Amino acid sequence: MATLDGQPVTPDDLLPLALTNLGHFTTMRADADRRIRGLSLHMERLVRDCETVFGAELDTQRVQAHVREALDGPDGSEGSEGPCVVRVTVYDPTVDVARPEDADHPRVLVTLRPAGAVTPPPLRAKTVPYERDLPEVKHTGLFGTLYARRAARRQGFDDALFFGADDRVSEGGTWNVGFITDDGVVWPEAPALPGVTMALLRQHVDHRVAPVTVAQVKAARAAFATNAFIGVRALSAIDDTPMAVEHPLLNTLCEAYEAIPGEELSGA
């Protein structure tokens with residue numbers, strides 16, 4: 001299921017995005033009742049990133065209306081029946097590679113796919129030296145991220161865990177990372193995407209933010225990944241270091257996330 005400004009999308013609509021990758025997006029999990037955890041934070045992200053990428057304002061009421069239309073099914077067609085992952089991508093189909101500054105009329109692409117388990121099995125992460133371009137923006141330039149993920153998976157891991165030139169751990173391929181130490185929950189201080197799930201957990205679970213090196217990561221009691229698709233997911237290993245997948249604070253994080261109520265979509 002895909003719509004562009006509420007209308008069925010065509011291959012020609014998608015071609016500029018495929019050829020330029022100039023855009024930004026957010027990914028949300030819509031439950032069967034159409035409610036979305038952290039909806040307002042997702043809308044704030046879209047507004048902030050639209051100003052950064054295109055220098056343009058974004059009407060979040062219009063965005064939410066398009067999401068609702070996609071979930072319900074456009075033009076009376078069958079919509080999504082169960083939980084699903086909603087991706088809202090903002091881009092300008094008129095973008096010209098030679099004159100990207102002219103791309104200032106972004107449109108809203110909504111895509112849906114079935115949602116998996118809220119709590120998937122633990123993952124094994126491979127540390128990789130990498131920092132995303134403009135890491136504070138959730139942009140569509142995923143080459144480096146997916147290349148690192150592909151390399152990690154070809155080595156028998158599930159995903160990549162990034163660290164910078166200063167040896168500080170930042171984030172995973174498409175997820176934020178946190179650690180459990182003797183002092184409690186620690187979120188790494190490093191250039192990274194300000195994830196919505198991470199932000200929600202920070203509102204409900206005591207924590208601190210501090211630089212975390214690769215060596216310190218492997219001395220942690222436990223580690224976990226967060227994003228809107230997986231919620232909270234334990235890491236079972238970082239490189240060749242096993243990590244505990246059961247810990248009272250992991251349970252606290254999972255319970256806190258599951259207790260956060262979803263927000264209702266608005267928009268006419």
Side-chain angles (χ1 to χ4, degrees), residues 1-50 52-54 56-97 100 103-118 137-143 145-146 149 173-175 193 195-197 227-230 262-268:
M1 168 67 70
T3 63
L4 183 63
D5 287 345
Q7 300 300 315
V9 69
T10 69
D12 287 343
D13 291 329
L14 298 177
L15 191 59
L17 184 61
L19 293 177
T20 67
N21 251 343
L22 183 65
H24 64 93
F25 70 101
T26 197
T27 302
M28 309 173 282
R29 181 186 174 99
D31 293 327
D33 61 2
R34 302 295 195 259
R35 290 181 175 269
I36 297 172
R37 285 186 185 89
L39 175 63
S40 58
L41 294 178
H42 284 287
M43 294 300 106
E44 289 174 11
R45 164 189 282 165
L46 289 174
V47 169
R48 181 176 63 247
D49 290 354
C50 194
T52 299
V53 176
F54 296 109
E57 295 183 358
L58 186 68
D59 182 351
T60 58
Q61 293 297 304
R62 179 170 65 94
V63 171
Q64 292 184 62
H66 292 329
V67 171
R68 180 182 292 280
E69 291 165 1
L71 289 169
D72 291 341
D75 300 325
S77 62
E78 184 177 353
S80 173
E81 295 183 352
C84 66
V85 175
V86 181
R87 171 168 161 159
V88 176
T89 304
V90 179
Y91 74 107
D92 187 341
T94 67
V95 62
D96 185 333
V97 173
D104 56 3
H105 290 84
R107 299 175 67 184
V108 177
L109 173 69
V110 178
T111 53
L112 307 180
R113 58 188 170 95
V118 175
V137 172
K138 194 174 181 72
H139 54 74
T140 55
L142 296 175
F143 173 81
T145 296
L146 296 184
R149 173 176 287 172
T174 50
W175 37 273
L193 182 75
V196 168
T197 302
N227 68 22
F229 180 50
I230 61 175
E263 299 175 47
E264 187 174 353
L265 287 160
S266 62

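Excluded from the calculations below are hydrogen atoms, water molecules and symmetry mates; all remaining heavy atoms, backbone and side chain alike, are included. Keep in mind it's a predicted model, so treat the numbers as computed, not measured.
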**Request:** Measure across Cys84 and Leu112 and return the closest heavy-atom pair with its distance rounded to 0.1 Å.
**Result:** SG-CD2, 4.4 Å
**Asked** So how far is it from Asp59 CG to His66 NE2, rounded to the nearest 0.5 Å?
**Response** 8.5 Å
**Message:** Which heavy atom of Gly6 sits nearest to which heavy atom of Glu69, and what is that distance?
**Reply:** CA-OE1, 3.5 Å
**Prompt:** Looking only at side chains, do Asp49 and Thr52 share a donor and an acceptor under 3.5 Å apart?
**Reply:** no
**Prompt:** Nearest heavy-atom pair of Leu22 and Ala103: which atoms, and what distance?
**Reply:** CD2-CB, 4.4 Å
**Request:** Flag the pair Phe54 / Asp92 as yes when at least one side-chain heavy-atom distance between them is below 4.5 Å, and no otherwise.
**Result:** yes
**Item:** Side chain proximity check, Arg34 to Val67, heavy atoms < 4.5 angstrom
**Value:** no
**Prompt:** When you look at Met1 and Leu71, which way does the side-chain contact (heavy atoms from CB on, under 4.5 Å) test go after all the steps?
**Reply:** CA-CA 9 Å; Met1 168 67 70; Leu71 289 169; over 6 Å; no
**Message:** Using 0.5 Å steps for rounding, measure from the CG atom of Asp13 to the CZ atom of Arg107.
**Reply:** 6.0 Å
**Complete:** Heavy-atom nearest pair, Val196 first then Arg45, reads N-NH2, 3.6 Å
**Request:** Give a yes or no answer on whether the side chain of Arg29 reaches the backbone of Ala115 with a donor-acceptor pair at less than 3.5 Å.
**Result:** no
**Nearest-0.5 Å distance that lies between atom CZ in Phe25 and atom OG1 in Thr111** = 9.5 Å
**Prompt:** Could you state the interatomic distance from CG (Leu41) to CG (Leu46), rounded to the nearest 0.5 Å?
**Reply:** 11.5 Å
**Request:** Please answer whether the main-chain N or O of Gly141 pairs with a side-chain N or O of Asn21 as donor and acceptor at a distance below 3.5 Å.
**Result:** no
**Fill in**
For Leu58 and Val108, the nearest pair of non-hydrogen atoms, with its separation, is CD1-CG2, 4.2 Å
**Request:** Before giving the answer on side-chain contact (heavy atoms from CB on, under 4.5 Å), spell out for Thr174 and Thr27 the whole-Å C-alpha distance, their side-chain angles and the decisive distance to 0.1 Å.
**Result:** CA-CA 10 Å; Thr174 50; Thr27 302; over 6 Å; no
**Side-chain touch Gln61/Met43, heavy atoms, less than 4.5 angstrom** = no
**Item:** Arg87 to Phe229 six-membered ring, cation-pi geometry met (6.0 Å, 45°)
**Value:** no
**Message:** Once rounded to the nearest 0.5 Å, what's the spacing between atom CH2 of Trp175 and atom CG of Asn227?
**Reply:** 9.5 Å
**Asked** Is the side chain of Gln64 donor-acceptor paired with the backbone N or O of Ser266 at a distance under 3.5 Å, no angle test?
**Response** yes
**Message:** Can you tell me how far apart OG1 (Thr26) and CZ (Arg48) are? Round to the nearest 0.5 Å.
**Reply:** 9.0 Å
**Fill in**
All heavy atoms of Val90 vs all of Pro106, minimum pair found to be CG1-CB, 3.4 Å
